[in-house]
Student: 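I am attaching a structure below and will ask some questions about it afterwards.
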Number of protein chains: 2
Amino acid sequence: MELTDRKKRILKVVVEDYIETAEPVASKTIAQQMGGGVSSATIRNELADLVELGYLEQPHTSAGRIPSPKGYRLYVNELMERRSLSEQEAEDINAALRGKMEELDSVISRAGQVVSSLAGYPAYAVSSGKKHATLRRFELLGVSDASFICVMMTDASHVKSQILKTELPFDEDCLPQLTNLLNTHFTSRTITEMNERLRSVSEQLPAPSFLALSKVIALASEVLSEAERPDVFTTGTNRILKMPEFRDADRAHELMTFMVESKESLPVPDDGAPMKILIGPENVSEALRDTSVVVASYDIGDNMRGLVGVVGPTRMDYAAVTARLSYFAESLSNMFGKNQLPPAPADESTTRKQGEDP
Amino acid sequence: MELTDRKKRILKVVVEDYIETAEPVASKTIAQQMGGGVSSATIRNELADLVELGYLEQPHTSAGRIPSPKGYRLYVNELMERRSLSEQEAEDINAALRGKMEELDSVISRAGQVVSSLAGYPAYAVSSGKKHATLRRFELLGVSDASFICVMMTDASHVKSQILKTELPFDEDCLPQLTNLLNTHFTSRTITEMNERLRSVSEQLPAPSFLALSKVIALASEVLSEAERPDVFTTGTNRILKMPEFRDADRAHELMTFMVESKESLPVPDDGAPMKILIGPENVSEALRDTSVVVASYDIGDNMRGLVGVVGPTRMDYAAVTARLSYFAESLSNMFGKNQLPPAPADESTTRKQGEDP
DNA sequence: TTTAGCACTCGAAAAGAGGGAGTGCTAAAC
DNA sequence: GTTTAGCACTCCCTCTTTTCGAGTGCTAAA
């Protein structure tokens, strides 16, 4: 059954007032907010209906109403006014993005920080991890006769280099040879394939070269598994303590520990969707049952996606958070996905379409 | 004035009991703990003296006694029994150290994590930062005609590599030339010196080469300033909420925010000292006035030192924390300072001397 | 269908009432 | 002189009671 227009307007007022005050909303307050057209008694009748229908809840008989998860859902889907960012907000985001942003890891963790301070809630950031990462290029550079720098580039254009030491000193011309061998026979291979090849060449190489080679392959498999494993960063968990619903140390501790330690089970948006909102019990993780999560994904090039999410109380300011988050994700996508150039401090239009939800 | 032996024994009991229970300690409890030789009334007389002398405090008349900062100080300096680690504890530390530990950053942040879980308190870890870092070696590797990998090694044997793109395509043989130029004229130089040299060669190079070169120098100055800036990682801040003295959300928030945001002002040990203990008001930072900090430094080779510290309530278990922390710092020093080899899973002696204090 | 009126509910905060752990002091014992 | 038993006293904690008021639900009139 569709709600009447007036019921929706009342629901909207309740949600927005509760978002602001974190206190149950009284019928009188609603009547005022709605501009005096109706009396509080009328509102009370409507409120009773809304409770009946499951959109609102009443902490106890003589208290005002608070939105239920179902109420928030309706609000987010239909009632919420999709906000545009103020120039100030957009400028803040751009400023935050102008910082140094070359290294993938630092991009991702910074994204979390930015979003957290943008939203005023704790946030997390995930790099989706490349599916079947392989190496595109090797380079070995001698440092001494028993150590060398190994540089590798993954097919996600991620470069990793490290000094390797070996127990058996090697010849001077051994490294170019090895580099060549690596680039012809070990590129575009999975870890197992690389290990097979390593075994198959073991006979044909002098011991020092073979030792060096196996060190390289060991590092390679580490680099690849690292590239495949998504990284998760959490930030702003201290903000949890500023939410009235988490003034209780035990609850705060539970949520905080969950965010820091059980990073894997933080929500991600559905494939293809740019944004997802999960309200209270819609979260699968027990620890998030009393919170809402807004998560957006962005393009970081090379077919990879990054992810930033905000964790807040169910009464979080959805309009503001979604607006900022989607603008942020969009800016990041522009920065990384389309052109690979560093951030052009775009001073263009500050209004944007907002993200979606199921 | 020196305390009598009995006063010291009483003080020791008070401190240790309070560390354990976080409750004011009663004269009766003390009498029991001391083995029945004296009555509680005698203890009460002694307690009154100790309060007078400033070693103990009384939250209110008719409450037990708690140690004052001065009391803790005496305890730490004279009374505390320097603990040896149990085999289990030493084994736990070794196990934690066996993990992957090649990259400096990951060593440092892991050190913080390990220490935090070792102590049960939040912890921080700092890399001291090299004083006047310079670059020891450059290498440029072509990827396409407008992008190349730049590898550089600092004099702290830290390798950094990144893909650079340039707007002007360059010749094939340009990169080896540039590499050569860099290695002959730009190594062992400060940032300003490098920039001077850059200007002085600007005339003699074709535009594409010069553009590429300036990108390299720009990256170099970033790498160097990064190497000079100490990194600070904080972990385990969620443990703050488990301390009874920080059940109050506001206080917990204050401390947590301080640890996460004002990293610079976290205490460091005096030059040369392996360890430092700061009790309550001995901390300069206001936010740490009600906490104690135990901080140890360790050798990470190349004349650099790392730092790990633990932040806990003033009644923290100093004996346990200092024992673990100093064992940990010593193990790390062995691992990195003396030999540069990766962790040999040492199954040797599990007892060690403990660290020092002013 | 809306509204005014009013009794009723319930929680939060304030006030009150023991209870008890622990002290400080005094006077006796060692 | 030091130690100890004895005892009154203090002050916090917990539990209960009271009060207060915001807010509701219901009824009857507009």
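Below, each value reflects all heavy atoms present in this structure, side chains not excepted, and no hydrogens, waters or symmetry copies. Just so it is clear, the model here is predicted, and its values are computed rather than measured.
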Student: Enumerate the salt bridge (Lys or Arg N to Asp or Glu O under 4.0 Å) contacts for residues 311-321 of chain B, please, sequence neighbours excluded, ordered by first and then second residue.
Tutor: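 Those involving residues 311-321 of chain B are Glu245(B)-Arg315(B).
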Student: Is Thr42(A) close enough to dT3(C) that one of its side-chain N or O atoms is under 4.0 Å from OP1 or OP2 there?
Tutor: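 For Thr42(A), the contact criterion (side-chain N or O under 4.0 Å from OP1 or OP2 of dT3(C)) is met.
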Student: Please examine the side chains of Ile30(B) and Leu47(B), heavy atoms only from C-beta on, and report whether any two atoms are closer than 4.5 Å.
Tutor: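 Touching, per the 4.5 Å side-chain cut-off.
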Student: CD of Glu23(B) versus P of dC12(D): gap in Å, rounded?
Tutor: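 To the nearest whole Å, that distance equals 14 Å.
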Student: Could you tell me which non-hydrogen atom of Ser292(A) sits nearest to which non-hydrogen atom of Asn283(A), and how far apart they are?
Tutor: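 For Ser292(A) and Asn283(A), the tightest heavy-atom pair comes out as CA-ND2, 4.4 Å.
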Student: Can you check whether Leu11(B) reaches Lys7(B) side chain to side chain, under 4.5 Å on heavy atoms?
Tutor: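 Leu11(B) vs Lys7(B): side chains apart.
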Student: Toss me the dot-bracket line for DNA chain D: Watson-Crick and G-U wobble, both under 3.5 Å, 5' to 3', using | for pairs to another strand and [ ] for crossers.
Tutor: ||||||||||||||||||||||||||||||
Student: Reading nucleotides 14-30 of chain D 5' to 3', which nucleotides get B (base under 4.0 Å from a protein heavy atom), which S (sugar-phosphate only), which -?
Tutor: ---------BBB-----
Student: Looking at Lys8(B) and Glu46(B), is there a salt bridge between them, counting it only when a charged N and a carboxylate O are closer than 4.0 Å?
Tutor: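 Answer for the salt bridge query: no.
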Student: Taking all non-hydrogen atoms of both residues, which atom of Pro122(A) and which atom of Arg239(A) are closest, and how far apart?
Tutor: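 Result for this residue pair: CD-CB, 4.0 Å.
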Student: Considering only NZ, NE, NH1 and NH2 on the basic side and carboxylate oxygens on the acidic side, decide whether Glu57(A) and Lys70(A) come within less than 4.0 Å.
Tutor: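 So Glu57(A) does not pair with Lys70(A) through a salt bridge.
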Student: For a side-chain contact (heavy atoms from CB on, under 4.5 Å) with Leu241(B), tell me which candidate from Ile240(A), Asp250(A), Leu241(A) qualifies.
Tutor: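 Output: one option passes, namely Leu241(A).
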Student: Whole angstrom is fine here: how far is it from CG in Leu56(B) over to P in dG22(C)?
Tutor: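 After rounding, the reported distance stands at 15 Å.
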